[in-house]
Number of protein chains: 2
Amino acid sequence: MAPRIAARTKLLDAAAQLFYAEGISATGIDAVIAKAGVAKMSLYNNFESKTGLVMAYLEARHQEWSGLYQARLEKAGDGADGVLAVVDAYIDHAEAGYEHGFRGCGLLNAAAELPAGDPGRSIVAAHKLQVEQLLAGHLASMTTKKQAEALAGQISFLLEGAISRAGLEGNSALLLRARAMISDIVKAL
Amino acid sequence: MAPRIAARTKLLDAAAQLFYAEGISATGIDAVIAKAGVAKMSLYNNFESKTGLVMAYLEARHQEWSGLYQARLEKAGDGADGVLAVVDAYIDHAEAGYEHGFRGCGLLNAAAELPAGDPGRSIVAAHKLQVEQLLAGHLASMTTKKQAEALAGQISFLLEGAISRAGLEGNSALLLRARAMISDIVKAL
DNA sequence: CTTAACTTAGACAGATCGGTCTAGTTTGGA
DNA sequence: TCCAAACTAGACCGATCTGTCTAAGTTAAG
């Protein structure tokens, strides 16, 4: 492993845990480098600033979710199973960070800390829009285009609401409840 | 009006605007007192600490929503109109803070900044649970208890998801979309 | 008018913030 | 083996953070 990658990876891992658990502005640079076991200059050699680290964090969370989704998608097919692959990717994510305290969607939490107009918010908005479009794609083969888009919106709202509520409760129970709802909706088509 | 109340009110108003627009940890004490036009000691005479101000802020947001809901409820009846009163209270809130930049649910945004186990998160969780119970109450007269609870969960997820997504977009369009969905669901009973 | 509660402006404290810099060490590849 | 790139520890900077304190001014009720 190349050493440059090592420091950057250690920093991103440490930032991911701290940003998610404590919030972004509540997490100082010093806490990140201490957890990463890395010198402060290594942070500024790999990232332009704390803001740059935050942007990389947002990108990494998006990539992480995409990975979970792809893994679920390979085991599933298109149509109803595709829709549930999206849902299960959320559940996988929820139960992954469970022991460290599940606190909802990291991207949504990050956006909540950023002022209106911040570029980070656009990344999150784009991610959520992509999820809705993935749902619409899976639904396209099951109904009319119009209804597929309407259902994709509805399911994405259900998902986002469930993950927020589940984060407040600290466990994935409400997410499983949402999965059952979504499964019913899709199977009724 | 008693002067003691004046300072406290000015502080809560200023904190509400700044906390909502910029986030809580990104908002310093000095910014709050400057916007309130009040001396720093007035803050610490009325609140134990910044944390105390944050707690009062959470309580005030909960009360504010309850006020909007009560106003909507008086104009509406029970049953389907009661459910839509809950939804319209959200919409009223969204469009109230619209010009200053709509950024989603203030309580959910605040919770996103607080670490797991923080008492503030419990306040938010209780608020969201109450909303779901209000929905269940309105639905109780329209269907079985079991289905009323299931629908209340589904509608509360839809609402929370829609307000989060709408906050990312910066306008209330997605909330109106959710209102139409919920209206359809309730009217189909 | 007097008095006590509340207010003000602003200095001040100690801690922490993000970020820079230096100087020396480790490391991987030619 | 040697060199350049990456890494280390930690001092240091100015700004900002929450919170305390003082001293003087305002206000309302008795």
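Heavy-atom basis, side chains included; hydrogens, waters and symmetry copies ignored. In what follows, chains carry the letters A, B, and so on, assigned in the order in which the sequence lines appear, proteins first and then strands, with residues in each chain numbered from 1.
- When distances are taken from the side chain of A:Ala39 to each of D:dA9, D:dC7, D:dT18, the shortest belongs to D:dA9.
- Nucleic acid contact for B:Gly52: none, since no nucleic acid atom lies under 4.0 Å from a heavy atom of the residue.
- Nucleic acid contact for A:Asn45: none, since no nucleic acid atom lies under 4.0 Å from a heavy atom of the residue.
- For B:Tyr69, the side-chain hydrogen bond (donor to acceptor under 3.5 Å, both in side chains) partners two or more places apart in sequence, or in a different chain, are B:His138.
- By the salt bridge (charged side-chain N to carboxylate O under 4.0 Å, His left out) test, A:Lys128 pairs with A:Glu160, sequence neighbours left out.
- Residues passing the ring-ring contact (aromatic ring centres under 6.0 Å, His included) test with A:His127, sequence neighbours excluded: A:His62, A:Trp65.
- With sequence neighbours excluded, no residue forms a ring-ring contact (aromatic ring centres under 6.0 Å, His included) with A:Phe157.
- Among residue pairs with one or both ends in residues 133-155 of chain A, none qualify as salt bridge (Lys or Arg N to Asp or Glu O under 4.0 Å); sequence neighbours excluded.
- Applying the 4.0 Å criterion to OP1 and OP2 of D:dA6, one finds that A:Ser42 has every side-chain N and O outside that range.
- Taking A:Lys35 as the reference, nothing meets the salt bridge (charged side-chain N to carboxylate O under 4.0 Å, His left out) condition, with sequence neighbours excluded.
- One interatomic measurement links the two molecules: NZ of A:Lys50 to P of C:dT16, which rounds to 15 Å at whole-angstrom precision.
- B:Glu22 pairs by the salt bridge (charged side-chain N to carboxylate O under 4.0 Å, His left out) definition with nothing, not counting sequence neighbours.
- Of the residues in residues 10-29 of chain A, none lies under 4.0 Å from DNA chain D by heavy-atom distance.
- The separation between A:Phe47 atom CZ and C:dG18 atom C1' is 15 Å, rounded to whole Å.
- Of the charged side-chain nitrogens involved, at least one lies within less than 4.0 Å of a carboxylate oxygen, so that A:Asp30 and A:Lys40 count as a salt-bridged pair.
- From A:Ile91, atom CD1 reaches atom CG of A:Leu159 across 8.0 Å, with rounding to the nearest 0.5 Å.
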Atom pairs under 3.5 Å: protein N/O with N/O of nucleotides 20-24 of chain D:
none

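- The distance from atom CD1 of B:Ile33 to atom C1' of C:dA11 is 13 Å, rounded to the nearest whole Å.
- Regarding B:Asn46, its CG atom lies at a distance of 16 Å from the P atom of C:dA5, rounded to whole Å.
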